[in-house]
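One structure is given below, encoded as structure tokens.
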Amino acid sequence: MPVLITRRRNHARAAGFSLRGAPNRPNVAACLLASTLPIMFMTSVARPQTETIRVDLKLRTGGAMSGLVVDHTEHGLVIVNQNTPHVFAWDELKTGSAFAAKRALAAFERGGVDRLSAEDHFQLGLFALRRDRKDLAANEFRRAKKLDPDYQAVIKKAYDEYRRRKDASNAQTDSLVDDRSVGTTNTAHQAGLAERVEAELDRATKAVVAPVPSAESRAKVLEVYKTFGKKVQEVIGEAVVLIESDHFLIWTDWEARYRDRLVGWCESMYTALREQFDLDPAGNIFLAKCPVFCWRSKARFLKFAREFDGYGGTDAVGYTRSIERNGHVHVVLLRQGRSEVDFDQFACTLVHEGTHAFIHRLYTSRLIPHWVNEGYADLVAERVLKDRCPAGENAELLARQFVRYDWPITELLHGAGPIPVHQYPLAHSVVAYLEGSGHKRFAGFIKDLKAGESVPAALAANYDGLNLDQLEAGWRLAVREVDPAVTPPSDGSKPLPWSTDR
Ligand SMILES: [Zn+2]
């Protein structure tokens, strides 16, 4: 059975889950939720809802979501929507909506928009300017200057830096060829193409799902892939080129100057995973090489998804297709724009999906429980891309809420099926905790899962008899250790339910 694993779907459409359980102490932080989640916190002291604010967020990947803010940092914010927490990095939101939320939070903390300081306005201006919203920035800078004329100098410096950065990036993009044409081949004759390719693949692999195919088998599969790539070029258009790296066949319509990045991300991810699982550097986890399709046009992405995978992934920006029967896996990705944030987001999705592809091929082609799979894919994205990926910070920020409010994670840990996108950062945090106690143990854990063991069995076998309750307790302790802010002061003196590291 083909298995589709999608990533970065519209958060607004992700299925929700309920928060259960009550906080241990009726403190100010808990009381925030008493006002927002009255059913769960009946025994808490009633507080007015003005202790936090509602924000409307628009996501860069499409869709929108409103909710009450429970925490925010320089990195992003957590909102509760329908009793479900969602974490977003500021860069995952459309700039106007991120700016409006940031400004509303600042005003709320100061006790009114007219009480914002010159520094508040200046910082808001910087936030907008860094994201190319000169209109919003100008407003804020004007207000900062009005409150304190001394800001004139730092504002000038901010504009100078902005211009320098723009000049540098213009120099990089001015020679781009804008190729928006999508192949106009009549696609009627392509009906069933994916099926035919699958049948050819089956013949080439002789249905051998063994992780190490023979050299002969590899060569045949490579041939099938390249024939497939030619058909993709016919259907999608001549702008599609093939880049071959050590472990990947990358078909793309990207501008020539950016293509090296694709190879860099793919191979760095491969190396990170090979090292994690102590695999032979000379070996190759894939059937031949892993086909990766990287699009810069939504029309092409959708066309590919529809024609070759029979997938109407309208709200996705990437997916991995794995076929258990013959061990095939390929990855399909969309870059949404040309800004550095677009490239970063693309890279995160690439490493996330690429990790699924690798894990699909590792040891056996059995699918592992989704929370482990998604959490690990996000963890690898963070490891490989570091500051260019928001996954690590998102995981920390969301984990902080689950620990601070004692929200349960039992449902996540006991399930094996698909999890909603808003739980990925939570899964990431738990998987990072497991992986943090030794990469050999973690590799053993994954190996047992791939052999068909349940999570409790694999956990017990590789972590000295650890059960799921102990895993949860250990994880909570670890989150508290690295983030003391999760324990609010006992005197309830904190005016807000979040730390204001602005
Ligand atoms: Zn995923």
Side-chain angles (χ1 to χ4, degrees), residues 1-15 17 59-63 86-89 92 265-266 269-270 272-273 276 285-286 290-295 301 305 309 311-324 328-336 344-362 365-385 389-392 394-395 398 412-413 415-432 434-435 446 449-450 455:
M1 278 289 288
V3 181
L4 284 172
I5 302 161
T6 63
R7 159 73 171 161
R8 302 211 190 280
R9 255 173 283 156
N10 180 344
H11 284 67
R13 292 184 209 168
F17 76 104
L59 315 184
R60 289 173 57 83
T61 50
H86 299 254
V87 61
F88 299 103
E92 290 176 303
W265 292 322
C266 284
M269 169 197 76
Y270 189 92
L273 286 161
Q276 162 71 62
I285 198 87
F286 297 114
C290 180
V292 183
F293 300 90
C294 300
W295 308 114
F301 172 78
D309 286 330
Y311 175 44
T314 50
D315 56 354
V317 290
Y319 63 88
T320 302
R321 181 159 190 209
S322 323
I323 302 172
E324 208 158 9
H328 165 81
V329 62
H330 69 241
V331 175
V332 187
L333 304 156
L334 168 66
R335 194 187 83 207
Q336 289 190 297
D344 288 353
Q345 201 161 48
F346 177 91
C348 294
T349 311
L350 181 148
V351 177
H352 177 103
E353 297 299 338
T355 301
H356 285 325
F358 188 101
I359 295 293
H360 174 68
R361 297 284 311 155
L362 183 66
S365 58
R366 189 177 271 114
L367 192 64
I368 62 174
H370 285 255
W371 72 264
V372 181
N373 206 13
E374 299 300 352
Y376 188 58
D378 264 13
L379 176 65
V380 176
E382 175 64 30
R383 288 276 161 78
V384 172
L385 300 165
C389 176
N394 281 356
L398 190 61
L412 178 80
L413 299 186
I419 63 169
V421 177
H422 65 77
Q423 286 189 336
Y424 289 9
L426 180 63
H428 176 172
S429 178
V430 178
V431 171
L434 275 177
E435 196 247 17
I446 296 291
L449 293 178
K450 295 281 305 190
V455 170

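Just follow the structure's listing: the first ligand is 1, and inside any ligand the first atom is 1.
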Closest to the Zn ion (ligand 1), which N/O/S atom of E374 is it? OE1
Once the angle between the rings of Y319 and Y311 is folded into 0 to 90°, is it parallel (under 30°), tilted (30 to 60°) or perpendicular (over 60°)? perpendicular
Measure from the Zn ion (ligand 1) to each N, O or S atom of E353 and report whether any distance is below 2.8 Å. no
To the nearest 10°, what's the angle at the Zn ion (ligand 1) between atoms NE2 (H352) and NE2 (H356)? 100°
Exercise: do H356 and H360 side chains pair donor with acceptor under 3.5 Å: no
I'd like to know if R321 pairs up with E353 as an ion pair, taking the criterion as any Lys NZ or Arg NE/NH1/NH2 lying under 4.0 Å from an Asp or Glu carboxylate oxygen. no
Is it the case that H428 and N394 place a side-chain donor and acceptor less than 3.5 Å from each other? no
